[in-house]
Protein chains: 2
Amino acid sequence: MTSSDFLFDSRPGANPDRSRQRNKKAVLGQINSAGQMGRAAIARSLGLSTQAVSNIIADLEADGLLLERGSHRAGRGLPAVQYAVNPNGGFALGVEIRPDALLTSLVDLSGQPRATGRKVLTDVKPDKIANKVLKLRDQMLRDCSISPDRLLGAGIVMPGPFGATGLSGQASDLPGWQTVDAAALFSDALDRPVVVSNDANAAALAERFGAAQGLTDYAFLYFGAGLGLGIVNRGQLVEGAFGNAGEIGRLPVCIDGKLGPLEQTVSRLSAQSALANHGVLDIDALDHLCRCEDPELMRWLATASDALGQALGVIENLFDPQTVVLGGAMPASILDHLARATPLPKLSVSNRPDASLPRLQRGTAGRMAATFGAAALILNCAFTSQSTTL
Amino acid sequence: MTSSDFLFDSRPGANPDRSRQRNKKAVLGQINSAGQMGRAAIARSLGLSTQAVSNIIADLEADGLLLERGSHRAGRGLPAVQYAVNPNGGFALGVEIRPDALLTSLVDLSGQPRATGRKVLTDVKPDKIANKVLKLRDQMLRDCSISPDRLLGAGIVMPGPFGATGLSGQASDLPGWQTVDAAALFSDALDRPVVVSNDANAAALAERFGAAQGLTDYAFLYFGAGLGLGIVNRGQLVEGAFGNAGEIGRLPVCIDGKLGPLEQTVSRLSAQSALANHGVLDIDALDHLCRCEDPELMRWLATASDALGQALGVIENLFDPQTVVLGGAMPASILDHLARATPLPKLSVSNRPDASLPRLQRGTAGRMAATFGAAALILNCAFTSQSTTL
DNA sequence: TTTAATATTCAAGTAAGTTGAGTTATTAAG
DNA sequence: CTTAATAACTCAACTTACTTGAATATTAAA
């Protein structure tokens with residue numbers, strides 16, 4: 001586990017080395033999504049011999065990635081020694097770059113945030129930001145007394161879309177970043193493996209340690225500057241050819257008989273402008289208004305729920321997820337209200353009588369979902385191995 | 001290559017056997033998508049040693065899956081011996097079940113159709129259909145003088161959605177199939193590996209041998225009874241948690257200031273009802289009307305293009321594909337017209353100045369795309385190995 | 001003609017998973 | 001209480017598939 005790029009060796013060909021790497025990740029991922037497991041159970045689920053799993057577990061334990069967790073008796077036979085992911089086995093740095101601020105997180109191997117950082121941005125030039133990221137990283141590592149070499153890598157999250165597209169040139173994009181190779185920039189600066197994605201995708205992965213634990217197919221609606229969608233299919237992010245999948249903000253919805261973009265109705269900005277006469281509202285203020293059932297906010301919620309219901313129908317029919325999770329920069333109270341009040345479309349493939357999961361629910365990652373999600377991009381690489389054969 | 005279920009051994013764990021199987025598929029897939037390749041080039045693209053590729057190729061050649069294709073000199077050095085997929089190396093059976101008819105295809109390993117079959121259905125009971133499939137299979141094998149043991153497997157395609165959903169109970173679904181395990185039924189009847197999917201997904205895969213050759217991210221709009229969407233992301237079908245992803249028919253679009261489901265405007269049925277006073281029109285009749293620019297058809301095309309443009313925006317922004325392909329049960333002339341006339345939304349992530357592929361194009365699989373696609377489901381298994389770790 | 005570059009094979013070496021026998025711990029039955 | 005059944009786990013030998021490095025062949029450039 002010391003090789004610099006074990007995190008993503010995506011060469012499709014299999015050889016003993018890479019097979020072992022794959023198997024280590026598979027074992028770790030299995031344990032992670034089950035919480036804890038014994039050798040034999042892991043072997044069955046992966047289709048390996050117990051002996052192979054034994055060897056791999058010995059490896060992972062030596063790497064400090066696993067912890068023994070006592071033994072679990074289940075019926076007859078020798079109780080199985082349980083193993084769990086060692087939270088201190090490794091850490092992931094999450095970096096979220098917004099036009100106005102830089103947010104960072106340090107997340108442990110179990111998906112728990114250990115520290116966060118924040119810096120106001122006046123200058124979004126790439127090298128300036130890289131510098132600030134270095135400082136925040138060192139700060140967080142110091143605060144938690146974590147050795148820098150326990151850092152597995154860094155996930156970088158920026159508002160999409162990437163490259164020059166028909167949606168570029170809006171308030172939310174980062175000037176001067178269209179042509180920058182962010183992965184190379186931060187990989188050099190941090191001297192660690194780096195993954196780059198957009199905020200909604202990353203936030204979706206953060207929920208793998210929360211509301212979507214153990215799920216393989218789900219969608220995540222992310223309240224950021226606008227509204228984004230992260231899609232997980234068969235455990236993998238659907239990022240699209242250029243990393244721009246999930247741009248749901250401009251989805252036309254019908255409000256008061258008129259068509260308008262979804263994020264004009266469903267987003268923090270739209271809530272804030274609907275409540276303009278309350279002054280400038282941050283998330284806590286919105287939370288307060290929601291708890292005291294402010295009539296204007298309730299009106300906004302009614303409209304937003306309506307629009308969200310239409311979007312939900314589109315998402316469900318196009319992706320057929322197990323569930324749709326709401327999260328991001330909105331107070332939990334509002335997200336809960338939306339999850340409760342949004343009309344669930346009847347004409348949907350997700351409208352199944354035997355559904356075991358709610359069709360719409362609130363995520364647990366909180367308002368920093370994207371910042372934690374940035375780190376989750378790295379954890380995801382530690383728990384799964386993806387290779388693109390075609 | 002004699003093991004009965006080499007086509008899909010999806011156990012995540014890697015061992016020598018499965019690694020070899022994976023590598024064989026990777027080599028075959030690489031050669032298939034490139035047309036022809038030499039050992040060294042394959043080794044580079046897969047991250048294997050040339051020796052390993054040599055051994056694998058010897059295997060594949062012995063299995064009859066590869067053909068030597070002379071040698072290709074490119075600059076200095078020993079010219080590389082080229083290999084191509086042997087079309088006769090294996091065949092896939094494609095089965096499309098519609099409420100009114102049973103369609104079958106026999107497709108060779110290079111993706112070329114060799115034979116098709118058709119039977120009118122009066123009784124859609126599962127065992128009746130299985131019986132007819134057997135007969136059609138034998139007929140096609142006889143016609144092409146192909147030995148039954150060259151049959152790799154069968155792909156079964158049915159109109160979605162699967163299971164009881166909010167979209168069930170429409171004219172297009174198959175009564176009595178909601179609770180049937182179609183995979184088991186046909187796997188028993190045919191004594192071969194079977195893959196089941198819906199028509200649009202399968203049709204999308206058929207284009208891997210046509211308009212989407214070499215592409216890893218594309219969407220396919222399928223004209224069947226209604227309108228379906230097949231999505232390929234990173235070379236893999238996005239099927240959703242229950243296999244029902246891509247139900248785009250009910251997507252609301254705005255026509256003449258009113259919202260209606262997409263397939264009410266964009267589908268063969270809608271074209272036929274728009275031209276009702278011409279009598280009952282089959283595909284050839286539609287083709288004729290299109291070629292002589294029938295004014296009523298032109299009016300329908302204008303409306304359909306408008307609606308299609310709206311749908312295109314949604315598809316592009318949600319999936320960010322390299323291209324969107326049109327196909328299915330519509331004459332090429334109409335699909336071409338649509339591909340040409342559909343307004344390409346400006347506010348789209350696919351609206352990029354540096355795009356190298358057309359955003360919308362007609363597929364090449366023709367009106368039997370889904371029937372061929374059913375077979376492509378099997379070919380896909382022969383060329384790629386997918387494992388679900390999580 | 002010589003040199004460099006590239007593809008390919010051969011033979012030996014290595015890493016990883018498998019197999020089958022044997023050990024240990026727990027439950028269930030006699 | 002004893003014995004049998006069951007399941008997890010380890011040990012040691014075995015098998016498979018990939019890698020490595022040397023050798024050879026063929027082409028283009030110097």
Side-chain angles (χ1 to χ4, degrees), chain A residues 1-3 6 9 11-27 30-31 36-62 66 68-83 385 387, chain B residues 1-3 6 9 11-27 31 36-63 66 68-83 385 387:
Chain A
M1 277 303 221
T2 45
S3 139
F6 84 92
D9 184 351
R11 287 173 291 180
N15 63 16
D17 267 30
R18 296 204 281 267
S19 290
R20 171 68 102 160
Q21 220 59 264
R22 268 184 79 86
N23 285 344
K24 279 171 99 166
K25 290 186 183 187
V27 167
Q30 198 70 32
I31 293 175
Q36 54 175 44
M37 274 181 112
R39 293 172 171 84
I42 297 170
R44 278 188 298 267
S45 70
L46 299 181
L48 290 172
S49 62
T50 43
Q51 183 57 57
V53 173
S54 259
N55 296 338
I56 291 166
I57 282 188
D59 246 42
L60 291 170
E61 225 182 340
L66 281 185
E68 209 180 302
R69 282 286 208 175
S71 57
H72 175 70
R73 15 175 211 298
R76 215 182 274 204
L78 182 64
V81 178
Q82 301 297 109
Y83 287 88
S385 47
S387 68
Chain B
M1 275 309 217
T2 44
S3 140
F6 85 93
D9 184 352
R11 286 173 290 180
N15 64 15
D17 267 30
R18 296 202 285 264
S19 289
R20 171 68 103 166
Q21 220 59 266
R22 267 183 81 85
N23 284 344
K24 280 171 100 166
K25 290 186 185 188
V27 167
I31 293 176
Q36 54 175 43
M37 271 181 115
R39 292 174 172 82
I42 297 169
R44 278 189 298 267
S45 70
L46 299 181
L48 290 173
S49 64
T50 44
Q51 184 57 57
V53 173
S54 259
N55 296 338
I56 291 166
I57 282 187
D59 247 40
L60 291 171
E61 223 180 344
D63 292 335
L66 282 184
E68 208 179 304
R69 283 286 207 174
S71 57
H72 174 71
R73 27 177 201 296
R76 212 181 278 203
L78 182 67
V81 179
Q82 301 297 107
Y83 287 89
S385 46
S387 69

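Numbered from 1 within each chain, the chains take letters A, B, ... in sequence-line order.
- The 5' end of DNA chain C is approached more closely, in terms of each residue's nearest nucleotide, by B:R39 than by the other of B:R39 and A:P79.
- We find that CZ of A:R69 is positioned 20 Å from C1' of D:dA8, with the value rounded to whole Å.
- Sequence neighbours left out, not one pair with a member in residues 40-54 of chain B passes salt bridge (Lys or Arg N to Asp or Glu O under 4.0 Å).
- Atom pair B:H72:NE2 and C:dA5:P shows a separation of 19 Å (rounding to whole Å applied).
- B:L78 places its CG atom 5 Å from the C1' atom of D:dT26, with the value rounded to the nearest Å.
- In the displayed structure, B:R20 atom CZ is contacted under 6.0 Å by more than 12 heavy atoms of other residues, nucleotides or ligands.
- Rounded to a whole Å, the CG atom of B:D59 is 13 Å from the P atom of D:dT16.
- To the nearest 0.5 Å, atoms CD (B:Q36) and CD1 (B:I42) are separated by 10.5 Å.
- Inter-residue side-chain proximity for A:Q30 and B:P12 is flagged as unmet; no heavy-atom pair is nearer than 4.5 Å.
- In this structure the side chain of A:L48 reaches within 4.5 angstrom of the side chain of B:R18, judged on heavy atoms.
- Computed from coordinates, the B:I57 CD1 to C:dT8 P distance equals 8 Å when rounded to whole Å.
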Protein-proximity profile, nucleotides 11-20 of chain C, B/S/- by nucleotide at the 4.0 Å heavy-atom cutoff, equals B---SSSBB-

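- A straight line from CD of A:E68 to C1' of D:dC9 spans 12 Å, rounded to a whole angstrom.
- Inspection of the B:N55 and B:Q51 side chains reveals an N or O donor paired with an N or O acceptor under 3.5 Å.
- A:V27 has its side chain within reach of A:I57: a pair of non-hydrogen atoms, C-beta onward, lies under 4.5 Å apart.
- Among B:E61, B:R69, B:M37, the one residue that satisfies the side chain to side chain contact (heavy atoms under 4.5 Å, CB included) test with B:Y83 is B:E61.
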Nucleotide N/O of nucleotides 28-30 of chain D paired with protein N/O under 3.5 Å:
| unit_1 | atom_1 | unit_2 | atom_2 | d |
| --- | --- | --- | --- | --- |
| D:dA29 | O4' | B:R76 | NH2 | 3.0 |

